[in-house]
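Taking it in order: structure first as structure tokens, then the write-up.
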Amino acid sequence: ALEWQATGKTTLYDKMFLILAGQRINETRITRFFRSDNRNSQAELVNVYSLSADLEKQINAAREMIIKYGFEGVVNDLNSQAEMENITSGEITEENVLTRYPSGSASQTHLGFYGIFSSRITASDIRIESGLRYSIVRSQARYEPGGIIEWPAVYIDGLDNTSKALTGSAAVQIPYGKHIRQRFVFGTAFRAPNIDDMAKIRIKGNESQIPNFDLGPERSWQVETTLESTLTSDRTLYKFALTGFYTRLNDAIVQAPLALPNGSNELIVEGMPFSTFSNINAENAYIAGAGAAFRARGQQWGTDINIQYTYGRSELDGEERPFAHIPPLFGQFSFYYQIPIFTWRVTLPINGMKSIEDYSPDSSDNPEYATADGTPAWFTVNFFTECRISDNLSAYLSVENILDRYYR
């Protein structure tokens, strides 16, 4: 990566950052069915190129009025290959072997332009911030003819998927006296499907994920509020925070049964049938949650308590079902105490039960790793201690995952 910084009062900016970067990523997966003589290797090579510019201009120092703007461009170029080796004979072939991504070529280009305005309202501590971003995402892919799946002509000639969106957000922070303040946030969001969403082929359990290049972007709006309080007493600092949020997603991307181009609902690999699934756009979905946090700091001690609850559901064909990747109730308690030489710390991460009814019906949540009732609740105890022997030497001891009966 090459980075260039410029500072100085100009008409367009006070600060400017330019970054030109490149990455070359190799990844290989090797799989073999139980007792099979065939070992499959899938190799991916991704070249990533990016250019970004971020500019900042102060309009009014007294009101802390600042404008930030810039752009970003990212190109991902993907090459996917696969081969099968007979571990008995040593014979290697590339025929009738599934590549993880499009066998011909695949690429995705992101372009984004943004602007942010923030300021403190005169004669008060009320702060406002708002921003806009325009995004363009284009994905292209091409498949080689032949192989296990008989691709239609449009897949061989080349597929194109382009998404565009204007998104924005606004936030205001209001003080209620000296010790309490509240923040309100409203925003819209946009996520274009990537090559992984649209074009991945993956065998998992008794199912197979297949490509769907008709996938559209997810769009959402969200409201969030946080109430904070800061108090001091007898050289002790206390902080409290309560947060609640609600997010509504349109065209949420979820997994559902989908037929192959030839109309079959099964993919046959090495003589074994796998039900075909793919990512599709659901009608809509929602995620709601609440959290609480407490922090206390004394001269020699401190404690933190955090807890978070999230609830999510998607709606498909008029039916409501659990949304994938929604965690159960979780949080952490920690406490430390220190004297000039020693520091002791104890942490207790906790995780509530996730019942099997709250698992997404597709394979995303990995219900095969849960019990018949779901994932049990669990907590662990972790103990850490530090001894400062001198300014240049310390000794540490930790014992972790104490009492972890159900931790996963």
Side-chain angles (χ1 to χ4, degrees), residues 7 9 12-17 52 54-72 112-135 165-191 219-233 235-249 286-298 302-312 327 329-334:
T7 57
K9 298 289 184 179
L12 295 177
Y13 63 85
D14 299 332
K15 301 176 183 178
M16 179 171 64
F17 302 91
S52 65
D54 299 286
L55 298 91
E56 180 179 316
K57 179 68 179 177
Q58 186 176 73
I59 307 301
N60 186 312
R63 294 176 57 181
E64 302 176 15
M65 187 182 297
I66 296 174
I67 293 177
K68 299 178 182 180
Y69 61 98
F71 71 87
E72 176 187 45
F113 306 87
Y114 78 92
I116 298 173
F117 172 80
S118 62
S119 178
R120 179 171 57 83
I121 297 178
T122 305
S124 74
D125 198 31
I126 297 177
R127 296 175 181 271
I128 59 173
E129 183 176 293
S130 61
L132 288 173
R133 179 183 177 95
Y134 183 69
S135 303
L166 178 67
T167 56
S169 65
V172 58
Q173 181 173 284
I174 304 173
Y176 303 130
K178 183 178 179 181
H179 302 291
I180 302 175
R181 61 182 179 271
Q182 189 166 14
R183 181 177 175 87
F184 298 92
V185 180
F186 174 80
T188 62
F190 157 84
R191 188 184 82 85
R219 302 175 190 272
S220 73
W221 58 265
Q222 175 174 321
V223 291
E224 178 181 325
T225 183
T226 300
L227 183 67
E228 296 179 332
S229 176
T230 303
L231 302 171
T232 56
S233 174
R235 292 179 293 181
T236 302
L237 175 69
Y238 301 95
K239 287 187 176 182
F240 306 86
L242 295 173
T243 299
F245 71 88
Y246 179 86
T247 301
R248 188 73 181 180
L249 289 89
Y286 63 90
I287 303 172
F294 169 76
R295 168 174 289 186
R297 293 290 184 269
T303 186
D304 289 274
I305 301 174
N306 298 280
I307 192 164
Q308 178 81 34
Y309 175 75
T310 309
Y311 183 85
L329 180 77
F330 69 93
Q332 179 167 284
F333 166 79
S334 66

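Keep in mind that the numbers below use all heavy atoms, side chains included, and drop hydrogens, waters and symmetry copies. Just so it is clear, the structure is predicted and the values come from calculations on it, not from any experiment.
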Say whether [X] and [Y], considering side chains only, have a donor N or O and an acceptor N or O under 3.5 Å apart.
| X | Y | value |
| --- | --- | --- |
| Gln182 | Thr225 | yes |
| Glu224 | Gln222 | yes |
| Tyr114 | Asp54 | yes |

*asked:* Does atom NZ (Lys15) have a neighbourhood of more than 12 heavy atoms from anything else shown, all under 6.0 Å?
replied: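 For Lys15, atom NZ is not crowded (no more than 12 foreign heavy atoms under 6.0 Å).
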*Please indicate whether Arg295 has more than 12 foreign heavy atoms, meaning atoms of other residues, nucleotides or ligands, lying under 6.0 Å from its CZ.*
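Result for CZ/Arg295: open.
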*asked:* Can a donor-acceptor pair be found, under 3.5 Å and without considering hydrogens, that links the side chain of His179 to the backbone of Thr230?
replied: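 Yes; judged by distance alone, with no hydrogens or angles, the pair exists.
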*Examine distances only and state if a side-chain atom of Thr188 and a backbone atom of Gly168 form a donor-acceptor pair shorter than 3.5 Å.*
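At least one qualifying donor-acceptor pair exists.
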_Taking salt bridge (charged side-chain N to carboxylate O under 4.0 Å, His left out) as the definition, give me every residue that meets it alongside Arg183, ordered by chain and number, with sequence neighbours left out._
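Arg183 satisfies salt bridge (charged side-chain N to carboxylate O under 4.0 Å, His left out) with no other residue.
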*Which atom names give the shortest non-hydrogen contact between Phe184 and Tyr176, and what distance separates them?*
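Closest approach of Phe184 to Tyr176: CE1-OH, 4.1 Å.
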*Give a yes or no on whether a salt bridge exists between Arg120 and Glu129, defined as a side-chain N under 4.0 angstrom from a carboxylate O.*
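No salt bridge links Arg120 with Glu129.
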*Before accepting this row, confirm whether a basic side-chain N of the pair Asp14/Lys68 lies closer than 4.0 Å to the acidic partner's carboxylate O.*
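Salt bridge between Asp14 and Lys68, a charged N being under 4.0 Å from a carboxylate O: no.
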*Could you walk me through whether Ile126 and Val172 pass the side-chain contact (heavy atoms from CB on, under 4.5 Å) check?*
CA-CA 7 Å; Ile126 297 177; Val172 58; 3.8 Å; yes
_Go through it in stages, so that I can follow the logic: the residues are Lys239 and Asp304, the test is salt bridge (Lys or Arg N to Asp or Glu O under 4.0 Å), and I'd like the CA-CA distance, side-chain angles, deciding distance and then a yes or no._
CA-CA 10 Å; Lys239 287 187 176 182; Asp304 289 274; over 6 Å; no
*Could you tell me which residues satisfy side chain to side chain contact (heavy atoms under 4.5 Å, CB included) with Phe294, sequence neighbours excluded, listed by chain and number?*
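Per chain and number, Phe294 pairs via side chain to side chain contact (heavy atoms under 4.5 Å, CB included) with Tyr238, Phe240, Ala296, Thr303, Ile305.
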*asked:* Using the ring-ring contact (aromatic ring centres under 6.0 Å, His included) criterion, which residues pair with Tyr246? Sequence neighbours excluded.
replied: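 With sequence neighbours excluded, Tyr246 shows a ring-ring contact (aromatic ring centres under 6.0 Å, His included) to Trp221, given in chain and number order.
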